[in-house]
Amino acid sequence: MVNILSIQYKSTRSNDTVTASEAILKGLANDGGLFVPTEIPTLNVSLAELSKMTYKETAYAVMKEFLTDFTEEELKNCIDKAYDSKFDTEEIAPLVKAEDAYYLELFHGSTIAFKDMALSILPHLLTTSAKKNNVKNDIVILTATSGDTGKAALAGFADVEGTKIIVFYPKGGVSPIQEKQMVTQKGDNTFVVGINGNFDQAQSGVKAMFGDKELAKELDAAGYQFSSANSINIGRLVPQVVYYVYAYGKLLANGEIEEGEKINVVVPTGNFGNILAAFYAKNMGLPIDKLICASNDNKVLYDFFTTGTYDKNREFILTTSPSMDILISSNLERLIYRIAGNDSEKNAELMRELKEDGKYTITDDMKAQLSDFYGNYASETETAQTIKTLYDNTGYIIDTHTAVASTVYKKYEEDTQDTNKVVIASTASPFKFTRSVMNSIDAKYDNMGDFELVDELSKIGNVKVPNAIEEIRDAKVLHDTVCEVEDMPKIVKGF
């Protein structure tokens, strides 16, 4: 079937329009806006057909609708290279039923977190896009991480020809396993830097470099150009739509739902990309009813959905779910643009307020368009309790981020008495946050070392230790650079 509709991408802050491959290459629009499709395409397969598809087939069915300037061969080649033996299960994203929810396990890739789902394909989308647009420069991937994106991007881009990758992370603001995964990363084109600051400062520093015209000129003269592997890149967002579509097909195939039956989706949310992908899936025609947005103690999104005011002027809290310790949810801008009636001027004005005052308030009209979403949050105590209760009742062990989602789902059920089947995005393996997970199950585990805990978790949960953990047991630290926030551009030039 020929795709008659060619989807263009435009900035959320102006009328700059580009093709899909150009949007993937640029990462961020010239005006600092995020690229969004000019319209959300319709899913071109029936739900019955969907239920018979493999993960790769689903990926092609979804992604071809968004990436209309890729040929079938180009796109299938990217998909084949991404979803291969890097994943430890052929299903790629298995659905596991525990108690009354379906956990969509998004952590079977090479770094045991959901970021692998998109970051295993992004390098191939990028290098294909570079060829399509006759780019001669090497691509420098510049990324800030709150823990998971960093390692997943490093693993995706390691030794990919024509690319270099530089990852900044908050020193002391990620789990010991997350840090070890990053600082032991092999690959001649990989660079990892700890900053003395938090994730939001790292993210702002990276965004500032993207907007620095002088730096861009210097890089270009040396044969380089920046691109992003953060969730602001549309090449990250589109592959994330796939797994929600796949989960629905699986529920249907397993006879858990009737064709066309609506489901709810719960997503533990920091940067808003993962839940936005579910929103896009809904808008493609997937029968999703409620999008349940789960926050930890940094509940800036919960407050936003409750009050209509987004306010980052608050204490930054370090929690046991560090990938969600975020006060500026970058991807929310794509939703704001949409509920502002695709009005780039209105959106740009709100983003200016966020930059200048640290907050903005949406209109009542805009707020009325958020009825698809429900927001709530889980305290540290509730998160730990959920891990323990689920384990005691079922033997199934979830990580801290998934537990935030599970807790919020229970609150949603109590608030609404809604009986729709629910898919919970399980965003990381419990092995990534062993200490927090094991302490939740029993305080006695706190006396064990990090890798003793890994073996104990494997034993009590009856699950094999993932390769991602085995690899780093004795791995050598290869990256030990630490810098101040203001020195980030200097470090980049040094590399």
Q: Using distance alone, with no hydrogens and no angle criterion, decide if Thr383 and Thr400 have a side-chain donor and acceptor under 3.5 Å apart.
A: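 Absent: no donor and acceptor within the cut-off.
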Q: Any donor-acceptor pair under 3.5 Å linking the side-chain atoms of Asn283 with those of Arg338?
A: yes
Q: According to side chain to side chain donor-acceptor pair (under 3.5 Å), who are the partners of Thr361, at least two apart in sequence or on a separate chain?
A: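 If we apply the side chain to side chain donor-acceptor pair (under 3.5 Å) test to Thr361, skipping adjacent residues, the hits are Thr309.
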Q: With sequence neighbours excluded, tell me which residues meet side chain to side chain donor-acceptor pair (under 3.5 Å) with Ser330.
A: Gln203, Asn271
Q: Check the side chains of Tyr412 and Asn376 for a donor-acceptor pair under 3.5 angstrom, ignoring hydrogens and angles.
A: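 No, Tyr412 and Asn376 have no side-chain donor paired with an acceptor closer than 3.5 Å.
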Q: Do Lys359's NZ or CZ and the ring of Phe304 fall within the cation-pi criteria of under 6.0 Å and 45°?
A: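 Pair Lys359/Phe304 does not count as cation-pi.
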Q: Centres of the Tyr302 and Tyr377 rings: under 6.0 Å?
A: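 Distance test on ring centres: under 6.0 Å, yes.
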Q: Name all residues meeting the side-chain contact (heavy atoms from CB on, under 4.5 Å) criterion together with Ser175; count only those two or more places apart in sequence or in a different chain, and write none if there are none.
A: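 If we apply the side-chain contact (heavy atoms from CB on, under 4.5 Å) test to Ser175, skipping adjacent residues, the hits are Ile177, Gln178, Phe433.
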Q: Any chance the side chains of Glu333 and Tyr337 put a donor and an acceptor closer than 3.5 Å?
A: no
Q: If we count only N and O atoms by modelled type, under 3.5 Å, do the side chains of Tyr244 and Asn274 hold a donor and an acceptor together?
A: yes
Q: Within 45 degrees of the ring normal and closer than 6.0 Å to the centroid, is that where the cationic atom of Lys421 sits relative to Tyr102?
A: no
Q: Judged by modelled atom types alone, do Thr149 and Lys115 share a side-chain donor-acceptor pair under 3.5 Å?
A: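 Yes, because at least one side-chain N or O of Thr149 sits under 3.5 Å from a partner of the opposite role on Lys115.
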Q: Going by the rule side-chain contact (heavy atoms from CB on, under 4.5 Å), which residues pair with Ser11 if we only count those two or more places apart in sequence or in a different chain?
A: Arg13, Ser14, Asp16, Ala29, Asp31
Q: Just to verify, what does Glu218 make a side-chain contact (heavy atoms from CB on, under 4.5 Å) with, not counting sequence neighbours?
A: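 Once residues adjacent in sequence are excluded, the partners of Glu218 under the side-chain contact (heavy atoms from CB on, under 4.5 Å) criterion are Lys493.
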Q: Less than 6.0 angstrom from the centroid, inside 45 degrees of the normal: does Lys164 satisfy that with respect to the ring of Phe191?
A: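 Here Lys164 fails the 6.0 Å and 45° test against Phe191.
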Q: Classify the angle between the aromatic ring planes of Phe272 and Phe373 as parallel (below 30°), tilted (30 to 60°) or perpendicular (above 60°).
A: tilted
Q: Could I get the full list of side-chain contact (heavy atoms from CB on, under 4.5 Å) partners for Thr19, not counting sequence neighbours?
A: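 Gln8, Ser21, Glu22, Asp69.
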